[in-house]
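Before any comments, here is the structure.
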Amino acid sequence: MARIEPIKYSAARKDVRAAYDEHIAKGAKMNNMKLTLLNNPMAFRALMGFHDVFAEAKNFLGELDANLFCYAISYENDCLVCSHIFKNFLDEQGVEFEGMIFTPVQQALVSFGRNIADNPHEVDDEQFDELREFFSAEQIVVITSLAAMMVASNIINTVLDVEL
């Protein structure tokens with residue numbers, strides 16, 4: 001059972017409806033995490049910055065690798081909601097994460113994502129050297145920002161017991 005009830009549009013305040021409508025107008029879909037965050041439009045907008053960072057990462061990673069990265073983080077964090085969402089994206093792309101033979105770039109991303117989710121204090125120089133083989137400093141900042149947004153979403157879903 002969710003600790004915080006998702007908003008119901010029909011009963012929502014004007015500012016909540018405005019945030020909802022703005023999000024839908026961008027072509028985004030709603031889910032229980034977003035409806036829960038809409039209990040406060042500022043919190044909602046802050047975490048919906050994920051979509052902008054994800055789009056930036058997709059520019060150089062491609063959709064598949066961006067989805068693999070986010071799935072690896074969510075799976076490692078044991079976030080049912082986000083891992084389910086990104087598993088669906090991978091399924092739509094015809095990809096089975098478990099047992100997949102990753103390219104060197106994908107392996108670097110998946111390892112980095114898992115390490116961030118598991119213990120960000122243990123991301124070491126060796127891992128950064130591996131990332132630098134494939135990505136610029138600017139791109140590593142975007143990838144790390146995407147990871148931070150993904151972990152934040154995982155925390156919201158887990159702590160608030162957001163239902164799938």
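Nothing here was measured: the structure is a model prediction, and the numbers come from that model. Hydrogens, waters and symmetry mates are skipped; everything else that's a heavy atom, side chains included, is used.
Closest approach of Arg17 and Ala11 over heavy atoms only: NH2-N, 4.4 Å. Taking both residues in full, the closest heavy atoms of Leu47 and Ala152 are given as CD2-CB, 3.5 Å, listed atom of the first, atom of the second, then distance. A pairwise comparison of heavy atoms in Met48 and Met33 identifies CE-CE, 3.8 Å as the closest pair. The heavy-atom pair separating Ile24 from Ala28 by the smallest distance is CD1-O, 3.4 Å. Closest of all the heavy-atom pairs between Gly49 and Met149 is C-CE, 3.6 Å.
Put simply, the side chain of Leu68 does not reach to within 4.5 Å of the side chain of Phe89, judged on heavy atoms. Considering only heavy atoms from C-beta on, Leu164 stays 4.5 Å or farther from Asn32 through its side chain. Side-chain contact between Gln93 and Asn67: present, with at least one pair of heavy atoms (C-beta onward) separated by less than 4.5 Å. Looking at Phe135 and Leu61, their side chains come closer than 4.5 Å, going by heavy atoms from C-beta outward. You'll find the side chain of Asn157 reaches within 4.5 Å of the side chain of Cys82, heavy atoms only. Between Tyr75 and Glu98 there is a side-chain heavy-atom pair separated by less than 4.5 Å. Contact check for Asn31 versus Ile85: side-chain heavy atoms found under the 4.5 Å cut-off. In this structure the side chain of Phe60 reaches within 4.5 angstrom of the side chain of Val142, judged on heavy atoms.
Not one N or O on the side chain of Arg114 forms a donor-acceptor pair closer than 3.5 Å with the backbone of Ile73. The backbone N or O of Ala18 lies less than 3.5 Å from no partner atom in the side chain of Asp21, so there is not a single donor-acceptor pair. Of the possible polar contacts, none joining the Asn77 side chain to the Cys79 backbone as a donor-acceptor pair under 3.5 Å is found. Listed for the Glu163 side chain is a donor-acceptor partner under 3.5 Å among the backbone atoms of Ala2. Here the side chain of Gln127 pairs no donor or acceptor atom with the backbone of Asp124 at under 3.5 angstrom.
Aromatic rings of Phe102 and Phe97 (six-membered ring for Trp) have centroids within the 6.0 Å cut-off, being under it. Ring centroids of Phe112 and Phe128 are separated by less than 6.0 Å, placing the two rings close together.
The environment of CG in Asp129 is crowded: more than 12 heavy-atom neighbours from other residues, nucleotides or ligands sit within 6.0 Å.
Separation of atoms CG (Leu146) and CD (Gln139) is listed at 13.0 Å; rounding is to 0.5 Å. Taking OG1 of Thr144 as the reference point, atom CD1 of Ile116 lies at 5.0 Å (rounded to 0.5 Å).
Linking ILVMFWY side-chain heavy atoms closer than 4.5 Å, directly or via other members, places Val159 and Ile7 in a single hydrophobic cluster.
Judged purely by distance below 3.5 Å, without hydrogens or angles, the side chains of Gln106 and Asp65 pair a donor atom with an acceptor atom.
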* **Pair Asp91-Lys87, salt bridge (Lys or Arg N to Asp or Glu O under 4.0 Å): steps then yes or no** => CA-CA 6 Å; Asp91 288 347; Lys87 172 106 172 54; 2.9 Å; yes

